[in-house]
Amino acid sequence: MRLLICRETIKKKVEELGKDISSHYGEKPFTCLIILKGSTIFAADLIRSITSENMDIDFVRLSSYSGTSSTGNVEMSMAELNKFKDRHLLVVEDIVDTGNTLTHFMKTLENIGPASVKICSLLEKKEINQGKVKIDFLGFDIKNEFVIGYGLDMNERFRNLPDIMIYEGE
Ligand code: IMP
């Protein structure tokens with residue numbers, strides 16, 4: 001594996017994102033909707049960089065891969081998702097690759113009728129996503145390489161690495 005983004009650079013960027021998000025929402029109440037599992041490490045740092053006193057957090061599990069294609073199926077019942085009706089939502093994602101997962105999830109959310117939905121993603125493979133999913137708060141645009149660490153996994157491994165690394169096989 002090869003270093004792509006070191007922990008110090010991540011820390012600085014996450015603090016910037018927290019500042020931008022804080023000034024965007026001000027004192028308006030909103031929910032950070034954290035996508036499991038990859039976003040957990042990022043989100044834990046991000047929410048501590050947000051200064052709002054009217055923010056809460058929630059979690060959703062998206063089973064993105066069924067075979068080889070992203071489906072964006074949500075592992076939360078519609079009844080449970082209904083609590084987000086009329087709520088300002090900030091979806092927190094680790095990485096947007098093809099954009100399929102979030103495209104489907106955004107459609108599901110639209111049906112619930114939140115007050116607003118914004119997306120914060122630590123990473124985006126812009127050349128793959130090609131603007132399909134519009135990211136309101138982005139950390140880094142990265143090349144089309146498979147990355148691990150800082151919550152991102154390869155078959156559930158390497159989430160615990162403190163830096164973001166390019167996976168080059170074993
Ligand atoms: P998308 O539907 O193609 O945008 O993929 C989104 C999901 O695929 C992310 O939330 C990750 O779980 C996973 N993923 C995509 N690219 C990578 C990568 O480079 N490393 C680790 N996971 C990835």
Side-chain angles (χ1 to χ4, degrees), residues 1-11 13-14 17-18 20-21 31-47 49-50 57-78 80-81 84 89-112 114 117-170:
M1 54 184 91
R2 190 157 46 90
L3 179 68
L4 182 65
I5 310 169
C6 70
R7 63 200 81 178
E8 291 81 11
T9 307
I10 298 171
K11 186 170 184 285
K13 184 64 80 176
V14 172
L17 287 171
D20 291 349
I21 291 165
T31 298
C32 277
L33 186 51
I34 298 159
I35 312 284
L36 297 171
K37 302 178 189 170
S39 309
T40 49
I41 312 277
F42 168 46
D45 287 340
L46 180 71
I47 62 172
S49 299
I50 297 173
I57 63 170
D58 218 316
F59 299 89
V60 68
R61 180 86 197 264
L62 303 183
S63 49
S64 65
Y65 282 92
S66 163
T68 52
S69 64
S70 272
T71 62
N73 284 338
V74 186
E75 285 186 21
M76 197 188 249
S77 69
M78 284 307 270
E80 219 185 320
L81 282 170
F84 300 128
L89 295 180
L90 177 68
V91 174
V92 179
E93 179 62 303
D94 52 355
I95 184 165
V96 175
D97 185 348
T98 62
N100 288 345
T101 308
L102 280 192
T103 300
H104 286 83
F105 184 51
M106 293 298 273
K107 280 191 194 135
T108 308
L109 281 183
E110 268 168 35
N111 292 333
I112 283 140
V117 185
K118 298 274 177 202
I119 296 176
C120 174
S121 183
L122 177 65
L123 305 171
E124 179 186 10
K125 297 180 187 172
K126 273 191 195 286
E127 55 175 294
I128 309 293
N129 178 32
Q130 294 193 331
K132 246 186 278 146
V133 170
K134 183 181 153 281
I135 300 170
D136 303 281
F137 304 97
L138 175 67
F140 306 95
D141 171 25
I142 63 165
K143 290 211 186 91
N144 184 21
E145 285 170 309
F146 197 83
V147 289
I148 51 173
Y150 197 65
L152 289 139
D153 75 308
M154 199 279 301
N155 293 335
E156 297 300 328
R157 295 167 63 204
F158 307 117
R159 292 193 197 275
N160 53 323
L161 298 176
D163 308 295
I164 296 174
M165 315 286 291
I166 296 170
Y167 181 74
E168 299 174 302
E170 317 239 345

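No experiment lies behind these values; they were computed from the predicted model shown. Atoms within each ligand, like the ligands themselves, are counted from 1 in listed order.
- Those atoms of ligand 1 that come under 4.0 Å of a heavy atom in D153, given as number and element, are 21 (C).
- Within the structure, the closest approach of G99 to ligand 1 falls below 4.0 Å when heavy atoms are considered.
- Stacking of K13 on the aromatic ring of F140 is recorded, both the 6.0 Å distance cut-off and the 45° axial limit being met.
- In terms of polar-atom proximity, V96 is not counted as a contact of ligand 1, lacking any N or O under 3.5 Å from an N or O of the ligand.
- Residues N129 and E124 have side chains that bring a donor and an acceptor to within less than 3.5 angstrom of each other.
- D45 and Y150 form a side-chain donor-acceptor contact under 3.5 Å, judged by distance and modelled atom types alone.
- Looking at ligand 1, you won't find any N or O of F146 less than 3.5 Å from one of its N or O atoms.
- Shown in contact with E145 at under 4.0 Å from a heavy atom are these atoms of ligand 1, numbered in order with element: 19 (O).
- Ion pair K143/E145 not flagged as a salt bridge, since none of the NZ, NE, NH1 or NH2 atoms sits closer than 4.0 Å to an Asp/Glu carboxylate oxygen.
- Ion pairing between a basic and an acidic side chain is recognised when a charged N comes within 4.0 Å of a carboxylate O; R7 and D163 show such pairing.
- Residue T98 touches ligand 1 through backbone and side chain together, judged by heavy-atom distances below 4.0 Å.
- Aromatic ring pairs are classed by plane angle as parallel below 30°, tilted from 30° to 60° and perpendicular above 60°; the pair Y167 and F158 is tilted.
- Close contacts between ligand 1 and E93 involve ligand atoms 10 (O) [criterion: under 4.0 Å to a heavy atom].
- Residue-ligand proximity, T101 to ligand 1, at heavy-atom distances under 4.0 Å covers atoms 1 (P), 2 (O), 5 (O), 6 (C).
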